[in-house]
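Worksheet: the structure to be examined is printed underneath.
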Protein chains: 2
Amino acid sequence: MATGRTHRPATRSRGIPEATVARLPLYLRALTALSERSVPTVSSEELAAAAGVNSAKLRKDFSYLGSYGTRGVGYDVEYLVYQISRELGLTQDWPVVIVGIGNLGAALANYGGFASRGFRVAALIDADPEMAGKQVAGITVQHSDDMERIISENGVSIGVITTPPGVAQQVCERLVAAGVTSILNFAPTVLSVPDGVDVRKVDLSIELQILAFHEQRKAGEEAALTDGPRPVAATRKQSADKGPDGDVPAVMPA
Amino acid sequence: MATGRTHRPATRSRGIPEATVARLPLYLRALTALSERSVPTVSSEELAAAAGVNSAKLRKDFSYLGSYGTRGVGYDVEYLVYQISRELGLTQDWPVVIVGIGNLGAALANYGGFASRGFRVAALIDADPEMAGKQVAGITVQHSDDMERIISENGVSIGVITTPPGVAQQVCERLVAAGVTSILNFAPTVLSVPDGVDVRKVDLSIELQILAFHEQRKAGEEAALTDGPRPVAATRKQSADKGPDGDVPAVMPA
DNA sequence: ATGTCTTTGTGAACGCGTGCACAAAGATAG
DNA sequence: CTATCTTTGTGCACGCGTTCACAAAGACAT
Ligand SMILES: NC(=O)c1ccc[n+]([C@@H]2O[C@H](COP(=O)([O-])OP(=O)(O)OC[C@H]3O[C@@H](n4cnc5c(N)ncnc54)[C@H](O)[C@@H]3O)[C@@H](O)[C@H]2O)c1
Ligand SMILES: NC(=O)c1ccc[n+]([C@@H]2O[C@H](COP(=O)([O-])OP(=O)(O)OC[C@H]3O[C@@H](n4cnc5c(N)ncnc54)[C@H](O)[C@@H]3O)[C@@H](O)[C@H]2O)c1
């Protein structure tokens, strides 16, 4: 299997770099704050500081959108808000479904930040019959059986998966089959999807592990300056060094 | 089968690329699953498929840790689990505090995935006097007034911020002043921290906006070409491969 | 109009990450 | 011990993203 790979060289010349796309929402947020304070224009230096990025990077990012700035003055806030919103597709309404209304799904449903950017929670879906019919964040939870109909009727193209990891792939496939082409996955699962479907994942466990790595490094370097070069974290922790096996405590799909 | 031989992580461990660090938890998860199925060894090809990455990339990633594989055979699962865990600092216990016990904070507190990897919720902190004393996920919520004492007494170095955005910077500063050196921020705020403090950000709104961008682009291309109803795909691929994702893991360091 | 001053837009250099391709290492069989 | 086969470890090339540095563009004053 694994047919010949031939997708990359597509018409990317007109495309905005992925790294830039990922920063546009950041700029938009900073610009919105300025807009609310009725600031008319902003320089790349000021805006970059507000967004926490390098100013040269910001200017290059904006250059991909076009020449929207005025030299010697800066960027018109309102105009830039509009341009970025349009570029990101936020001038239209995006109906979103959340599948798996547990701790996390309910929290997301209750989150007000979605609607503020053109995202509308079109439906909450759960497989538990107990959940169906219940109100969460003012929305009635619907049963998985109706998933296809819900997606079709509401023209949903973005789905959020907050189910247990074991069923995430299966839920994903049903979403895609029903017409969803963008998925935000919170389950710690590697989703396999057809070409043309975008998946982004948010993995809290991975974030913490990355932090732990750097934390350990910091502790190790600190110890190296005072103690020996042994980075075996002796601080506030009983020994955990054992054989490579026999231990493995409470291992579970992280 | 003790493959134990010339294993020297030695000096190399100081230079692990950040991109590799971000993937180690992914490998660890796949390896843990294999371990539970008592699979003794695994090839880079198989493990790469399970983790959704390129096999050459995986081998190169592992090469930064040392030569833990056996040519002609593959990698010893248990041994690799141990090595990665150690490299990530997961062989020790990391006490974590969550600040802001609202919708999201409570969901995180209830999340079992924390403890499964050596992360222990040491305390839940909220500024609301109504919250103090209440039980969330079997843990008593404590008031912000005691933040410094809690962090000090528990030796907390990792903090999670799930407060409203307006107070996130202020909370961050108190955390850092109290000794926290790693922060996972869920508030849509650009945090400013001193050198030596790591910040990672999880921003749902940004994730959705990135999806919306690609969704709009897909719709545009579809309309521009003929009127193809939908992109039917024959070949399935790992979403983590490349795609518009490009491995921008919803997070940025600061 | 001319000059000065501010700030944009971008060419170019550089570094990092990715993936190919292959020699070497080691297992396994004869 | 030798041959063969499998799979690792990595040299290398390539492309993307970041950053510097500066010419050019425009505002503003005179
Ligand atoms: N809660 C967190 O803070 C957190 C953090 C990181 C990752 N996650 C991940 O997010 C996911 C959800 O976490 P949670 O804490 O909300 O879990 P949960 O158990 O509270 O909720 C899961 C929900 O999914 C529903 N469900 C199960 N199978 C389903 C199906 N086939 N179709 C539709 N719905 C189905 C369940 O009925 C339940 O309501 C998990 O994969 C978890 O690993 C959660
Ligand atoms: N809920 C979500 O799904 C979601 C999604 C994306 C981002 N966020 C962000 O996460 C944060 C929390 O969201 P939420 O929905 O849980 O909000 P929430 O209002 O439900 O909870 C916020 C909690 O923080 C507490 N708090 C306020 N000021 C505090 C302080 N100074 N110190 C300590 N605690 C304080 C409040 O008492 C409250 O309990 C927000 O910044 C939000 O933008 C939430």
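Each chain gets a letter, A, B and so on, in the order the sequences are listed, and its residues count up from 1.
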Next item on the list: Apply side chain to side chain contact (heavy atoms under 4.5 Å, CB included) to A:Asp93 and list each qualifying residue two or more places apart in sequence or on a separate chain.
Entry: A:Arg120
Notebook entry, point to check: Starting at the 5' end of DNA chain D and moving along, which residue's nearest nucleotide shows up first, A:Tyr64 or A:Thr70?
Noted result: A:Tyr64
Note to self: How many whole angstroms separate atom CG of A:Leu65 from atom P of C:dG9?
What the structure shows: 10 Å
Next item on the list: Please list, chain by chain and in numerical order, all residues satisfying ring-ring contact (aromatic ring centres under 6.0 Å, His included) with A:Phe186, sequence neighbours excluded.
Entry: none
Notebook entry, point to check: When rounded to the nearest 0.5 angstrom, what distance separates CZ in B:Arg23 from CD in B:Glu18?
Noted result: 10.5 Å
Next item on the list: For DNA chain C, find the residues of residues 35-44 of chain A with a heavy-atom distance under 4.0 Å and give them by number; none if there aren't any.
Entry: A:Ser43, A:Ser44
Notebook entry, point to check: To the nearest 10 degrees, what angle separates the axes at the start and end of the helix from C:dA1-D:dT30 to C:dG30-D:dC1, five pairs each?
Noted result: 10°
Next item on the list: Return the set of residues passing side chain to side chain contact (heavy atoms under 4.5 Å, CB included) with A:Ala50 (not counting sequence neighbours), or none when no residue passes.
Entry: A:Ala30
Next item on the list: Check the side chains of A:Arg117 and B:Ser205 for a donor-acceptor pair under 3.5 angstrom, ignoring hydrogens and angles.
Entry: no
Next item on the list: Would you indicate what B:Tyr75 reaches in the nucleic acid, counting non-hydrogen atoms under 4.0 angstrom: base, sugar-phosphate, or nothing?
Entry: sugar-phosphate
Next item on the list: Among residues two or more places apart or on two chains, list those pairs meeting side chain to side chain donor-acceptor pair (under 3.5 Å) that have a residue in residues 182-191 of chain A.
Entry: A:Ser182-B:Glu215
Checklist line | ring pair (Phe, Tyr, Trp, His ring centres under 6.0 Å) pairs, two or more places apart, involving residues 16-37 of chain B | finding: B:Tyr27-B:Phe62
Next item on the list: Return the value, rounded to whole Å, for the distance between atom CG of A:Asp76 and atom C1' of D:dG26.
Entry: 15 Å
Notebook entry, point to check: Are any of the side-chain nitrogens in A:Arg217 or B:Asp198 under 4.0 Å away from the carboxylate oxygens of its partner?
Noted result: no
Notebook entry, point to check: Whole Å only: how far is the NZ atom of A:Lys57 from the C1' atom of C:dC14?
Noted result: 15 Å
Checklist line | Nearest-Å distance for atom pair CD/P, residues A:Glu46 and C:dT6 | finding: 14 Å
Next item on the list: Sequence neighbours left out, what passes side chain to side chain contact (heavy atoms under 4.5 Å, CB included) with A:Pro17? Give chain and number order.
Entry: A:Thr20, A:Tyr64
Distances under 3.5 Å between nitrogen or oxygen atoms of protein and nucleotides 21-23 of chain C:
residue, atom, partner, partner atom, Å
C:dA21, N6, B:Arg59, NH2, 3.3

Check: How long is the line joining CG of A:Leu80 and P of C:dT8, in whole Å?
Finding: 11 Å
Show which side-chain atoms of residues 167-176 of chain B pair as donor or acceptor with protein atoms under 3.5 Å away, not counting sequence neighbours.
residue, atom, partner, partner atom, Å
B:Gln169, OE1, B:Ser192, N, 2.9
B:Gln169, NE2, B:Glu173, OE2, 2.8
B:Gln169, NE2, B:Ser192, O, 3.0
B:Arg174, NE, B:Glu148, OE2, 3.0
B:Arg174, NH2, B:Ser144, O, 2.8
B:Arg174, NH2, B:Glu148, OE1, 3.0
B:Arg174, NH2, B:Glu148, OE2, 3.4

Next item on the list: Could you grab the distance from atom CD of A:Gln209 to atom OG of B:Ser85, nearest 0.5 Å is fine?
Entry: 8.0 Å
Next item on the list: Applying ring-ring contact (aromatic ring centres under 6.0 Å, His included), name anything that partners A:Tyr82, two or more places apart in sequence or on another chain.
Entry: none
Item checked: Worked verdict on A:Val160 versus A:Val99 for side-chain contact (heavy atoms from CB on, under 4.5 Å) -> CA-CA 6 Å; A:Val160 178; A:Val99 185; over 6 Å; no
List every contact pair, protein side and nucleotides 11-13 of chain D side both N or O, where the distance is under 3.5 Å.
residue, atom, partner, partner atom, Å
D:dG11, O6, B:Lys60, NZ, 3.2
D:dC12, N4, B:Lys60, NZ, 3.1

Check: Does D:dG17 have OP1 or OP2 sitting under 4.0 Å from an N or O in the side chain of A:Asn54?
Finding: no
Check: Starting at CD of A:Glu18 and ending at P of D:dG17, how long is that distance when rounded to a whole Å?
Finding: 8 Å
Next item on the list: Please round to the nearest 0.5 Å and tell me the distance separating atom OG1 of A:Thr32 and atom CD of A:Glu78.
Entry: 9.0 Å
Item checked: Atom-to-atom span, CG of A:Leu58 to P of D:dT18 - whole angstrom -> 12 Å
